[in-house]
Protein chains: 2
Amino acid sequence: MKLQLQIKMNEALFLRDPESSALGKNILSHGIQLIYKHGFEAFTFKKLAEDIGTTEAGIYRYFENKHKLLVYLTAWYWGWLEFQISFQTNNIDDPAVKLKKVIRLLAMAVEDDEQTSYINESLLHQIIISEGSKAYLTKQVGEDNKQQFFKPYKDLCAVIGQIISDCNPVYKYPRSLASTIVEMAHFQNFFMYNLPSLTDFGKKKEETEIISFLNHLVFSSLEIKQEHG
Amino acid sequence: MKLQLQIKMNEALFLRDPESSALGKNILSHGIQLIYKHGFEAFTFKKLAEDIGTTEAGIYRYFENKHKLLVYLTAWYWGWLEFQISFQTNNIDDPAVKLKKVIRLLAMAVEDDEQTSYINESLLHQIIISEGSKAYLTKQVGEDNKQQFFKPYKDLCAVIGQIISDCNPVYKYPRSLASTIVEMAHFQNFFMYNLPSLTDFGKKKEETEIISFLNHLVFSSLEIKQEHG
DNA sequence: CTTAAATGATAGTAATACTATTAATTTTAG
DNA sequence: CTAAAATTAATAGTATTACTATCATTTAAG
């Protein structure tokens, strides 16, 4: 049995559902490749159309503009990650063990998930690291938020915030700590590879070091002693 | 006596020194206003030229493109902030007291510094919050870094990292904690006003709450008990 | 097998991100 | 004080980007 993981996307993010056709799926898979390759600023729908072998107008039938595509991809990623977390922490009772698992999932390089053929999660993870915050660091953040574009991100932080509260019910900043973990899992990665003096991991350049840093940060905030690493 | 604070800028950031002429100073002051008003994406040199009452070509004689202007402004801000920190923590012996002061300086809304007539630090602070990370979240980060464009940011983090090490010489992640404080001082502010459910400060919306969060985060990491707030 | 829907091909527009040229003005050096 | 040098303004122009519109053709669903 091969079960297909389908992430329910906000319909206001697209004009035509990209998951409903071959062209749409190409827009997603080639879009990920090209944003990864050129960076979001230099990425254009024209390049994407050429890469796919279709026309600019073809892309515009699916996405209003490249910002919407980026928001779509980030929303997809957060949705996917929340599923990974709920799946991989299922049946774990100890919230501290859960939280450690979450930190590991956030900070570890992602391997491509074969369940979703047209999304390369590994590349998408890299895009989230370098471009993810551009989805909300805009003047339209208020309107975009009203349209619930960031719901998957907020849901993910809410889930992590809940685990934090389960670890220490009197801790005062579960949501801020959750968003801090998420952002820092990515920023410390970006810094490690691009501005290494902003981190303590410049020499080894290993994701496990980011995990250790985040674990220490989180568990000392929650006043929980860690058994290992 | 009125002493003028001059921040030494990297010469590769501009074509002609904007601090050397009236037009240059206008580019800085109106640039700050317009980036603040429209956001960096919608900001153009054409709008800036119209706002100043000069021509596009005039702006291009000072800055190669708008990205360089953003990098210039962020570099200026980090340089200014490092000066503020060194000034305001001068003669303080206790590194923990120093660190608290640093966190407050990072997280508090900035009031306009009259020493620098053509830079509105308060607006610039807002720009750093919303646009600051776009200075380095690019494909050219490597080349820009080679040209030392991010030196002021790295210097600031180094200073903070040193204070952290002074607080607890065996703490293993002083640099990563420093960059975490800096980034989170700004991101939690952005979230508080724009995506409040990602924080615990949505109701009060006060910078002092971000300070409390960061203080708790930092001092529990460093295993130092705080006397107050 | 018919018809609606999706795609491809082509064209076109307004705005952006620049570069080049020359004229006018200001600054500075002798 | 004046000529030369530097700076700025005015104008024009190009390539690319970010779209929109139209219509013919292919595909797929009933």
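Quick note on labels: first sequence line is chain A, next is B, and so on, each numbered from 1. Since we're looking at a predicted model, the values are computed, not measured.
- One interatomic measurement links the two molecules: NZ of A/K47 to C1' of D/dT17, which rounds to 10 Å at whole-angstrom precision.
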Evaluate the side-chain contact (heavy atoms from CB on, under 4.5 Å) criterion for residues B/E121 and B/W76: first the C-alpha distance (whole Å), next the side-chain angles of each, then the deciding distance (0.1 Å), finally the verdict.
-> CA-CA 10 Å; B/E121 284 83 6; B/W76 194 97; 3.4 Å; yes
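- Atoms CD1 and CG, on B/I27 and B/L69 in that order, are 8.0 Å from each other to the nearest 0.5 Å.
- One can place CD of A/E50 at 15 Å from C1' of C/dG8, the figure rounded to the nearest angstrom.
- For the pair A/K134 (side chain) and B/L137 (backbone), a donor-acceptor distance under 3.5 Å is present.
- Atom CZ of A/F40 and atom C1' of D/dA18 are 12 Å apart (whole Å).
- Between the NZ atom of B/K25 and the C1' atom of D/dT7 there is a distance of 16 Å, rounded to whole Å.
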Indicate every side-chain donor-acceptor pair of residues 141-152 of chain A with a distance under 3.5 Å to a residue at least two apart or in another chain.
from: A/N145; atom 1: OD1; to: A/K154; atom 2: NZ; distance (Å): 2.8
from: A/K151; atom 1: NZ; to: A/D155; atom 2: OD2; distance (Å): 3.0

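- Using a 4.0 Å heavy-atom distance criterion, B/T44 is classed as a sugar-phosphate-only contact.
- For A/Q188 (side chain) and A/I210 (main-chain N/O), no donor-acceptor pair under 3.5 Å exists by modelled atom type.
- Between the OG atom in B/S176 and the CE atom in A/M192 there is a gap of 9.5 Å [rounded to 0.5 Å].
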Chi angles and distances behind the ring-ring contact (aromatic ring centres under 6.0 Å, His included) call for A/F63, A/F45 | CA-CA 10 Å; A/F63 290 99; A/F45 276 2; 7.3 Å; no
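- For C/dA6, neither phosphate oxygen OP1 nor OP2 lies less than 4.0 angstrom from any side-chain nitrogen or oxygen of A/S21.
- Residue-to-nucleotide proximity on DNA chain D shows that, of B/T55 and A/K66, the 5′-proximal contact is made by B/T55.
- Here the C1' atom of nucleotide C/dA6 and the CG atom of A/L15 are 14 Å apart, to the nearest Å.
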Between the protein and nucleotides 20-30 of chain D, which nitrogen or oxygen pairs come in under 3.5 angstrom?
none

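- In this structure, B/N26 places its CG atom 10 Å from P of D/dA9, rounding to the nearest Å.
- Going from atom CG of B/L48 over to atom P of D/dT8 covers 14 Å, rounded to whole Å.
- OP1 or OP2 of C/dT7 has at least one side-chain nitrogen or oxygen of A/Y62 nearer than 4.0 Å.
- No contact: B/K46 has no heavy atom under 4.0 Å from any strand.
- Atom pair B/E41:CD and D/dT17:P shows a separation of 17 Å (rounding to whole Å applied).
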